[in-house]
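Numbers here are sequence positions counted from 1.
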Amino acid sequence: MLEAGRHDRPKPGEVLPAVANGLLRQLGVWTPFAEAGFVENRVLVSVGANEVPSERHGMFSAQGAGWQLDRTRFDRLMVQAAKAAGVDTRFGSAVGSAVRDDQGWLLKLADEAIVARAVVWATGPSWRLARCFGAKLTMDGHLAAYTRFFDRAPGDCSMVVEARPEGWWYSADLRVPHRSGSGQRTAQSRTLVPRFSRNAVRRAARAAQRNRDRQHDQGGGNRNDRSRRR
């Protein structure tokens, strides 16, 4: 298992539905997951165009309540479980390219190359290796997310999702260990995902290019002035 990152940076909170209970048990990671103490997602509050909150309580679900995940701790837990099961795991090992050969796939890392008979491409939204595997990319829309963490926020084990004309946002409660390791503190992550039209993205890209060209021209002028002074 090659991990480009090290799972040591904060990530936005997410909700894991209760149906994952059976999957975690099949993978043999239910015990460490339960001991991690992730916040139960007891209530899902959604607000739409009519601005009237709608609540869906986990106690009325046959599956029970889900969990609001500290994604960094959850990802680290899953990697540790894979390592305990005998999987060779490597952090900070980004795959630069993948080339098909007679033995399978030649994966080129920063400092070595690995030959694999088969590859499971699980990079999430990253499309860096898409062309190596012959995948075709289809862009359906343009989204940008902004996340903010609130320390010691008064959480109530509920997730709030609100749809707005400019996009939508959600908040999730997290239970984060103290830096000293003694006890836990409650934090909240709030993520805003605004929608952008295709024309708006093109205008922003053109404006950014004009700004880069302007900075480049100014830098070139400064260099010429310095050469004349010398």
Side-chain angles (χ1 to χ4, degrees), residues 1-17 19-36 38 67 69-147 149 172 174 176-177 179 181 189 191 193 196 198 201-202 204-205 208-209 211-213 215-216 219:
M1 179 184 294
L2 303 174
E3 287 281 340
R6 299 183 182 277
H7 301 305
D8 54 356
R9 297 182 178 180
K11 298 179 182 179
E14 298 182 19
V15 168
L16 186 67
V19 69
N21 187 319
L23 297 176
L24 294 173
R25 294 182 185 275
Q26 291 179 25
L27 293 173
V29 297
W30 170 251
T31 298
F33 176 82
E35 293 175 348
F38 293 107
W67 300 270
L69 297 182
D70 173 0
R71 187 58 190 267
T72 299
R73 286 200 298 140
F74 177 74
D75 290 348
R76 191 183 304 122
L77 182 150
M78 297 301 292
V79 173
Q80 291 173 348
K83 185 175 182 179
V87 178
D88 182 8
T89 59
R90 305 186 187 187
F91 290 100
S93 299
V95 180
S97 64
V99 181
R100 192 69 180 264
D101 61 12
D102 296 337
Q103 298 179 348
W105 290 91
L106 178 63
L107 307 178
K108 293 185 178 180
L109 310 182
D111 54 354
E112 63 175 319
I114 297 177
V115 177
R117 288 180 296 177
V119 176
V120 177
W121 179 23
T123 58
S126 175
W127 51 270
R128 182 176 180 180
L129 293 177
R131 294 183 178 87
C132 296
F133 295 110
K136 296 182 179 180
L137 300 178
T138 302
M139 185 176 294
D140 295 325
H142 302 275
L143 295 176
Y146 301 88
T147 301
F149 293 88
L174 308 176
V176 185
R179 292 183 179 179
S189 69
T191 301
V193 185
F196 296 97
R198 197 173 294 269
V201 173
R202 292 191 182 118
Q209 184 61 48
N211 186 48
R212 287 192 295 267
D213 293 341
Q215 293 177 352
H216 180 270

For a 4.5 angstrom cut-off between non-hydrogen side-chain atoms, does [X] reach [Y]?
X: D75; Y: K11; value: yes
X: F74; Y: W67; value: no
X: L174; Y: F149; value: yes
X: T123; Y: V95; value: no
X: F33; Y: L69; value: yes
X: M78; Y: L27; value: yes
X: E35; Y: T31; value: yes

* **Straight-line distance of H7 NE2 to R71 CZ, nearest 0.5 Å** => 8.5 Å
* Once you round to the nearest 0.5 Å, how far does CD1 of I114 lie from NZ of K108? -> 13.5 Å
* To do: Report the C-alpha separation of V79 and F91 in whole Å, then their side-chain angles, then the decisive distance to 0.1 Å, and conclude whether the side-chain contact (heavy atoms from CB on, under 4.5 Å) test is met.
  => CA-CA 10 Å; V79 173; F91 290 100; 3.3 Å; yes
Over all heavy atoms of both residues, which pair between [X] and [Y] is shortest? Give the atoms and the distance, please.
X: V15; Y: P17; result: O-CD, 3.8 Å
X: W105; Y: R100; result: CE2-CD, 3.5 Å
X: W30; Y: N21; result: CH2-ND2, 3.7 Å
X: C132; Y: S97; result: SG-CA, 4.0 Å
X: M1; Y: A82; result: CE-CB, 3.9 Å
X: L129; Y: A98; result: CD2-N, 4.4 Å

* To do: Would you confirm whether T72, through its side chain, and R9, through its main-chain N or O, come within 3.5 Å as a donor-acceptor pair?
  => yes
